[in-house]
Amino acid sequence: MNFKKSQKLYNKGLVNLVGAVNSPVRAFASVGGNPLFIEKAKGSKIKDVDGNSYVDFVLSYGPMILGHRHKKVQKAIEKALKNGYSFGASTANEIKLAKIVCDAFPGMDKVRFVNSGTEAVLSGIRLARAYTGKDKIIKFAGCYHGHQDSLLVAAGSGLATLSLPGSKGVPEGAVQNTLIANYNDLDSVKAHFDKHDDIAGVIIEPVGGNMGVVVPQNDFLKELKDLAHKNGAVLIADEVMTGFRSKFGGAQELLEVEADITCLGKVIGGGFPVGAYGARNEIMENVAPLGGMYQAGTLSGNPIAMAAGISTLTELKKQNPYEKFNKIAEEIEEYLLSTAKKYAIELSVNRFGSMINPFFTSKKVTNFEEAQTSDTKKFATFFWEMIKNGVFLPPSQFEAWFLSSALSDKDLKKTKQAIDKALKAVSEM
Ligand SMILES: *Cc1c(COP(=O)(O)O)cnc(C)c1O
């Protein structure tokens with residue numbers, strides 16, 4: 001396997017792009033080497049410009065849940081293209097996607113489409129403040145909510161990968177209303193409510209996915225919601241990653257807690273830039289043009305993106321792959337653990353629905369601090385050995401692997417063989 005063309009493109013890309021990437025998570029900063037350049041993808045597989053083919057567990061960081069270029073989605077996009085790409089006016093498909101999304105989330109009467117998860121969350125935060133008339137927001141260490149100023153502290157995803165505590169260029173004033181708590185630690189949230197009486201909301205990934213997969217323990221989410229409500233704050237579920245990944249709808253429903261405001265992205269655009277935030281009528285009526293909270297977007301509800309979203313969610317509902325996801329994730333978990341044992345490697349695995357990843361640590365990982373005990377050098381060796389054996393993973397210890405419904409038994413077999421070789425390589429480090 002060689003990466004000559006990728007290497008060449010990387011060097012060329014460095015001239016006019018920053019680090020040759022348009023999102024730092026795509027850089028191979030923590031695993032070494034150069035990022036792969038992709039030529040195309042189909043179903044469960046992705047192919048780089050050197051012609052190497054991989055089983056894809058990145059799936060564009062979540063959106064490609066049906067696998068790449070699903071026939072029905074492709075057809076819907078091609079059909080939409082024929083009518084025009086953007087109008088700056090309403091279309092019937094926006095209503096259609098809104099209904100699919102609202103029907104899937106019990107706590108959502110109305111939804112507003114935006115163009116990314118970042119936009120969805122920054123609007124959801126603004127809405128929490130508009131609705132409560134308060135300023136402060138509690139977030140959890142290791143959760144990532146997009147790159148808006150106020151939440152770029154103690155964040156997961158690329159910041160965790162690059163070991164950055166926050167971002168330069170964020171003024172102190174922008175984060176002075178942000179309070180940090182620890183995932184699965186209700187007391188750390190209580191301490192903030194005891195000290196501050198102007199907390200508008202608590203934002204959380206109902207299942208953490210940006211510090212690796214971290215699952216809420218016991219009744220953490222329910223108690224969190226009760227605590228927020230007791231203090232006149234709202235619960236904001238950032239389901240940009242988890243939405244439609246573990247059930248048709250939200251992780252909140254599976255975990256039996258209904259958030260006040262829900263933020264979505266990734267899967268709902270089927271690979272196109274779509275985000276959304278939604279809530280009960282009483283809350284959404286604060287948004288312009290019904291209310292005084294302003295939020296707008298030239299390309300919001302883009303017709304091609306709506307067509308991709310509708311066809312993806314319609315097919316997803318029909319396939320209902322969630323039981324299959326659980327079974328595959330369980331199989332991968334068992335294989336990872338038994339193979340790690342065979343090679344005497346300390347490994348801990350977390351999963352939820354179609355999200356899974358191993359941590360190179362002996363600790364059970366329930367928060368950011370525990371996730372950070374992982375040996376990222378071991379992960380780097382593991383990552384490259386997986387690549388060399390035809391499996392494409394996110395190039396970071398702190399990103400979830402995603403499953404697509406296009407995964408075949410053959411893909412799984414190939415993945416297991418790669419895992420065996422990769423863990424063996426780790427044991428020989
Ligand atoms: C990916 C992600 C975001 C940001 O979405 P973008 O589309 O990258 O702006 C926000 N929150 C969570 C939980 C995410 O996983």
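Counting starts at 1 for both ligands and their atoms, following the listed order. The residues of the chain are indexed from 1 along the displayed sequence.
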A.B. asks: Counting each atom of ligand 1 from 1 as listed, which ones have a heavy atom of Gly117 under 4.0 Å away?
C.D. replies: 4 (C), 5 (O), 6 (P), 7 (O), 9 (O)

A.B. asks: Backbone, side chain, both or neither: what part of Thr242 comes under 4.0 angstrom of ligand 1, heavy atoms only?
C.D. replies: neither

A.B. asks: Can you find an N/O atom of Val240 closer than 3.5 Å to an N/O atom of ligand 1?
C.D. replies: no

A.B. asks: Can you tell me if Lys96 has over 12 outside heavy atoms packed within less than 6.0 Å of its NZ?
C.D. replies: no

A.B. asks: Distance alone, cut at 3.5 Å: any donor-acceptor contact between the side chains of Asp48 and Ser6?
C.D. replies: no

A.B. asks: Within the structure, does Glu205 bring an N/O atom to less than 3.5 angstrom of an N/O atom in ligand 1?
C.D. replies: no

A.B. asks: Below 4.0 angstrom from a heavy atom of Ser116, which ligand 1 atoms are there? Numbered from 1 as shown, please.
C.D. replies: 7 (O), 9 (O)

A.B. asks: Is a donor from one side chain sitting under 3.5 angstrom from an acceptor on the other, for Gln295 and Arg112?
C.D. replies: yes

A.B. asks: Using ring pair (Phe, Tyr, Trp, His ring centres under 6.0 Å) as the criterion, point out the one residue from Trp384, Phe28, Tyr10, Phe37 that pairs with Phe3.
C.D. replies: Trp384

A.B. asks: Which residue owns the protein heavy atom closest to atom 9 (O) of ligand 1, what's the atom, and how far is it?
C.D. replies: Thr118 OG1, 2.6 Å

A.B. asks: Centre-to-centre under 6.0 Å for Phe105 and Phe244, is that the case here?
C.D. replies: yes

A.B. asks: Could you check whether atom CD of Glu369 has more than 12 heavy atoms from other residues, nucleotides or ligands sitting under 6.0 Å from it?
C.D. replies: no

A.B. asks: Taking only heavy atoms of Asp238, which atoms of ligand 1 are found under 4.0 Å from at least one of them?
C.D. replies: 10 (C), 11 (N), 12 (C), 13 (C)

A.B. asks: Using a 3.5 Å cut-off on N or O atoms only, is His145 in polar contact with ligand 1?
C.D. replies: no

A.B. asks: If you measure from atom 10 (C) of ligand 1 to every heavy atom of Ala120, Gly146, Ala237, which option wins on shortest distance?
C.D. replies: Gly146

A.B. asks: Out of curiosity, is Lys266 lining ligand 1, as in a heavy atom under 4.0 Å away?
C.D. replies: yes

A.B. asks: Is the NZ atom of Lys324 crowded by more than 12 outside heavy atoms at less than 6.0 Å?
C.D. replies: yes

